[in-house]
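Note sheet for the following structure.
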Amino acid sequence: MNPDYRAPGRTEPGSGVPNEEPDTEPVLVDARGLRCPLPVIRLANASRDQQTGTRVVVWSTDPAARVDIPAWARMRGHAVVSTEELPDDGLAITVELGA
Amino acid sequence: MTDATQALTGYPGHRVHLDNGGRAPWHPQARLAFERAVDEGWADPRRLHAEGRRAAALLDAARESVAASLRVRRDDVHFSPNHTSSLHRAVAAVRAGRSRVGATVVMSTVERAALLAAAETADSSRVPVDIYGRVNPSAMSEAINAGGVALAALQLANAEVGTRQPVAEVYEAAQRASVPLLVDAGASVGHDPIPEAWDLLAADPGDWGGPPGVGVLAVRPRVRVRPPGPQDPDPWFPGTPSVPAAFAAAVSLEAVLADQADQDIRRRGLIDRLRAAVSTIADVEVVGDPVDRLPHVATFSFLYVDGEALLTALDRSGVAVGSGSACTSSSLEPSHVLAAMGVLTHGNVRVALDRSTTAADVERLIEVLPEAVATVRAELGVSGL
């Protein structure tokens with residue numbers, strides 16, 4: 001894992017780039033090394049009691065996560081806003097929580 | 001039954017086996033036909049003595065019977081060693097026969113793994129499916145018309161989720177483009193009507209209660225084919241098939257076609273009942289088309305459930321089901337069908353009802369399922385999610 005990796009949704013401090021992302025830092029769930037259905041369970045735990053519009057980023061190396069996290073979001077009324085490959089192995093999936 | 005026997009078998013009462021897709025218990029007619037064919041048709045059908053001729057006569061009768069069931073000529077029916085082999089051979093023979101046109105094989109993303117693997121060796125074009133697992137016929141038609149296409153392949157219905165495919169429309173498009181269509185009818189024959197809309201058709205006796213160790217591939221004579229490989233009197237499947245297996249497959253196919261309409265109504269009712277009951281369990285996704293589907297297949301996925309743990313819990317209650325969850329396969333990869341549909345892959349349960357499955361069997365699953373799901377969720381510490 002590259003220590004300089006930044007979860008999607010963060011902006012460079014003082015970069016002056018117009019910020020289209022929510023002001024708050026996204027919640028990070030590091031589920032690397034966990035097998036299904038644990039990444040989704042960790043994600044659901046981290047999303048509990050969060051406000052609508054909060055972004056949660058999940059890091060996962062489980063091949064099922066690519067399908068199961070969007071399926072969970074659909075079932076729960078949340079939205080997947082991005083899916084990116086992690087520098088070494090796995091995916092970073094960003095979910096914006098619905099109502 | 002004594003207490004000691006119960007301890008030996010590990011469960012009281014009888015087993016409920018609901019994992020019948022691709023390998024169902026033998027149909028009573030298959031067993032009778034097989035035993036008769038072992039007595040009369042054990043010999044090598046290529047030998048010239050009386051025993052060999054009797055075996056050859058049984059094999060001919062089997063071919064004739066399957067041809068009548070599929071409404072084709074006898075010479076168009078080939079017995080293969082198994083369904084996988086039928087699909088591999090169909091792709092290879094058409095590709096070799098049409099190499100001047102191109103090598104591309106167009107197929108849906110939810111075809112059987114054996115078919116996806118057969119087309120992996122060269123260009124293949126995969127057409128995506130919707131959330132029910134159904135391919136869009138226009139998208140498939142577009143791919144067929146892209147040029148350089150040797151073969152198009154589409155299943156009649158999906159074995160994992162039961163959704164029927166628009167084979168008639170795709171066949172029309174393939175005909176217009178002069179591209180042959182291979183139809184994998186492995187999950188349908190014996191359960192759902194057999195259409196005329198195909199150029200090559202693969203059927204799987206193991207799925208309808210015939211014996212394992214034989215497959216059926218029908219090829220219309222107009223298809224340009226060249227089965228590759230060493231010369232043999234049977235260029236499609238070198239060597240001779242098992243005569244008892246081929247004969248039992250043919251006889252059981254006649255039997256299942258005879259009661260197909262009744263079994264359709266009966267099993268469709270049981271699956272409707274199961275889908276409705278499962279929907280009442282919290283956080284479940286019942287997948288596949290609710291109406292336009294095979295009569296005997298149901299699939300559902302439970303959120304926050306480990307598929308392997310659920311299968312084990314159900315098995316302990318005496319109920320056997322299948323699963324497409326990654327947690328239940330050694331490969332770590334979830335079912336490519338569920339993934340292509342974009343539905344939950346974990347906590348997946350697959351059910352295929354046999355003709356011998358009773359309403360009481362389905363009720364047993366409905367009875368044990370909620371507690372099994374709750375137990376597995378509790379083990380994972382899931383509550384209030």
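First the proteins, then the strands, lettered A, B, ... as listed; each starts at 1.
- In B/E371, the CD atom is not crowded: 12 or fewer heavy atoms of neighbouring residues, nucleotides or ligands sit closer than 6.0 Å.
- Of the atoms belonging to B/I131, it is side-chain heavy atoms, and not backbone ones, that fall under 4.5 Å from chain A.
- Looking only at side-chain heavy atoms (C-beta outward), B/P334 and A/P63 come within less than 4.5 Å of each other.
- At most 12 heavy atoms of other shown residues, nucleotides or ligands fall within 6.0 angstrom of atom CD in B/E142.
- Residue A/L38 holds its CG atom at 8.0 Å from CG of B/D306, rounded to the nearest 0.5 Å.
- A donor-acceptor pair under 3.5 Å is absent between the side-chain atoms of A/D68 and the main chain of B/L344, judged by distance alone.
- With a threshold of 4.5 angstrom between heavy atoms, B/V284 approaches chain A through N, CA, C or O but not through any side-chain atom.
- Heavy-atom minimum distance, A/A71 versus B/G342: CB-O, 3.9 Å.
- Taking the charged nitrogens against the carboxylate oxygens, A/R66 and B/E333 have no contact shorter than 4.0 Å, which rules out a salt bridge.
- Heavy-atom neighbours of A/R42 CZ from other residues, nucleotides or ligands within 6.0 Å: at or below the threshold of 12.
- When each of B/V376, B/L303, B/L380 is checked for a side-chain contact (heavy atoms from CB on, under 4.5 Å) with A/P37, only B/L380 meets the rule.
- Heavy-atom distances place both the backbone and the side chain of B/L385 under 4.5 Å from chain A.
- Heavy-atom pairs under 4.5 Å with chain B peak, among A/P70, A/A44, A/S47, at A/A44.
- Separating the CE atom in A/M75 from the CG atom in B/D283 is a distance of 5.5 Å, to the nearest 0.5 Å.
- Using a 4.5 Å cut-off between heavy atoms, B/V343 contacts chain A through both its backbone and its side chain.
- Residues B/E308 and A/R35 form no side-chain contact, since every pair of their non-hydrogen atoms from C-beta on lies 4.5 Å or further apart.
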